[in-house]
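Structure first, then comments.
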Protein chains: 2
Amino acid sequence: MKPKIEDVARLAGVSRTTVSRVLNNRGYISTETRENVHKAMNELNYFPNDVARSLFNKRTNLIGLIFPTISNPFFGELTFHIENICAKLGYKVLLCNSLNRIDEEEKYLEMLMRNQVDGIIVGTHNRGILNYHQQNLNVVAIDRNLSETIPVVSSDNYAGGETATELLISKGCQHIVHINGSGELETPAKLRRKAYEDVMERYGRTPITYEILEAFDRPSQQEVMSKILDEQPEVDGIFASSDLFAAAFMAEAKKRGKDIPKQIKVVGYDGTETGQILLPELTTIQQPISLIAQTAIDILLKKIEGEVNDLPLEIRLPIKLLKGETT
Amino acid sequence: MKPKIEDVARLAGVSRTTVSRVLNNRGYISTETRENVHKAMNELNYFPNDVARSLFNKRTNLIGLIFPTISNPFFGELTFHIENICAKLGYKVLLCNSLNRIDEEEKYLEMLMRNQVDGIIVGTHNRGILNYHQQNLNVVAIDRNLSETIPVVSSDNYAGGETATELLISKGCQHIVHINGSGELETPAKLRRKAYEDVMERYGRTPITYEILEAFDRPSQQEVMSKILDEQPEVDGIFASSDLFAAAFMAEAKKRGKDIPKQIKVVGYDGTETGQILLPELTTIQQPISLIAQTAIDILLKKIEGEVNDLPLEIRLPIKLLKGETT
DNA sequence: CTGAAAGCGCTTACAG
DNA sequence: CTGAAAGCGCTTACAG
């Protein structure tokens, strides 16, 4: 069996209390005892049991992550950065992919609570659920408005939408269509759409938005792209609210012999590392992914440490236009 | 404070034992008591503390994942599937991105042990480390030979390399170059290279392989691609051991005005969902990612359940050629 | 500088 | 069908 503190104590000829103290570097301990204890720990190849520690400390150093799917490069890279930063700070990451299904999110949330996570970072919607349990739960949202009291970290979606739309207009596009996710989700990403609409109206254009309801289902995605090309034969500009949408549209357009950027110009959103490698020619609005991760963790840790004062409720981080060959 | 079992017991007018029993559905309990207990739990919004449970049960239902980086779509999608399957089976996933740094892996491994994970799925190398602690650790590797006793699940890398190389030859390529990761890693992916070399020799060609040492550093990646084009001016076929490598090469080739596939044909490896969306024109060898995830978990769970008999030590899952426009 | 005792929230033999 | 007691592996006041 795994050695426990008692085994170490016996071998070192001291009490469990003493072993615990050298383990935690707490209280005074003679150098000799300390050395003996360390020797015993090495000999037994002892590792403390963090489950037992957590039970006593009421602290797990566990952060729960609930995202729609880590398969999506944006969430994949976000999760990567979050995990990396957490690891440096001594936190561990429990991963959940809800696929935006409400019932799954509820289950995951309960699971995380049972596991006594110190905090949760959420990238899915479902306003209701969290409120209920919110009691002593430390939560930070990324790009999702969960409730009035939960801080939200996101890229400056409005500026992103504005930049994208203005770029297309400045390039001479006359018939610009926007592709967005489901309008039912209460997300700041709605601001991308709002900005698009505002800019369009400012220029006297009629905004046209297509929604992709099943963002993670490729066939239904293609269907929408195909529909756009059918219904908007004059389309010469696309602002897609994700690079994956942009790519899906481009594939469909190419199938129909459309030349990008000559006939249709395309701007995406996200600007992930993976996107940059696989589709470097795409013009896109880049989100500061690692900064989003860092910011979310900063706020979450403050909440965990009980610094509840003047925590910002909404943080918008700057986006960056990456000019490619699709515009 | 969070309610505990004692609070429920008091409210329901029974003992903690009884509450625990209805919680775990163990032993006989009168319907009446059961209902009372449930009522009390609802009233208090009680959730059992899994940390305490784990301590007693010596079972955490936690699976540790150590991968180089979840940013890479292959590992991202693999992790997604693993997490999904685990969730259905009542397991939770603790995520670690080692970036292939040995010291990080060692730290992560210790962290996972301290947290009493029931098992670990590893997608990084570093043979030595695991052996040492291997004692009561349940480990399954994905695409990495960690030691003689740790089962390895991977795609049929040899068949993949063979298929890719033969395709390029059948398309008339005369000067085929292979791009692989670091040759220092003890991975079954070496078989992709071996297959390439075998096929080349079978056809009387000289195999030429370039290695990318820093797989996660874009500039150094581009450097190698540039070097290939400099040193192999006659190259007309590329077999890259990942889609990201393939894309990086294609970008560099396009910069130099090379036409793909007319002047150079390219075959990648992985065939991730993300890759299919962002770079659908790439011909590639698709790994059965969700099957790899399922298989790894099957084996891991058997190990966890103590079924040590006749566990396969090496499983090769079938690959699939996805024909695109780059060949 | 060190140890005995109590307790973190749960579960499970053992009695009744 | 139900409860009192012991224990999972650790930590921390409290004594000495």
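So you know, we letter chains A, B, ... as the sequences are listed, proteins then strands, and number each from 1.
Contact annotation: side chain of A/Thr17 to base of C/dA4, donor-acceptor pair present below 3.5 Å.
Summarising the geometry, the separation between NZ on A/Lys58 and C1' on D/dC10 is reported as 14 Å, rounded to the nearest angstrom. What separates CZ of B/Arg16 from P of C/dG7 is a distance of 12 Å, to the nearest Å. Between the CD atom of A/Gln116 and the C1' atom of C/dG9 there is a distance of 9 Å, rounded to whole Å. Whole-Å rounding puts the A/Leu55 CG to C/dT11 C1' distance at 13 Å.
At most 12 heavy atoms of other shown residues, nucleotides or ligands fall within 6.0 angstrom of atom CD in A/Glu32.
Two residues are said to be in side-chain contact when any heavy atoms from C-beta on lie closer than 4.5 Å; B/Ile63 and B/Ile82 fail this criterion.
Closest to the side chain of B/Thr18, from the set C/dG9, D/dT11, D/dT2, is D/dT2. Here C/dC1 is the nucleotide among D/dG3, C/dC10, C/dC1 with the atom lying nearest to any side-chain atom of A/Thr33. Comparing C/dT2, C/dC14, D/dC10 against the side chain of B/Arg21 picks out C/dC14 as the nearest.
In this structure, the side chain of A/Arg144 engages the main chain of A/Gly123 through a donor-acceptor pair within 3.5 Å.
Nucleic acid contact for B/Asn24: sugar-phosphate only, since backbone atoms but no base atoms lie under 4.0 Å from a heavy atom of the residue. Residue B/Arg26 is classed as a sugar-phosphate contact, given heavy-atom separations below 4.0 Å to backbone atoms only. Heavy atoms of B/Ser30 sit under 4.0 angstrom from primed sugar atoms or phosphate atoms, though from no base atom.
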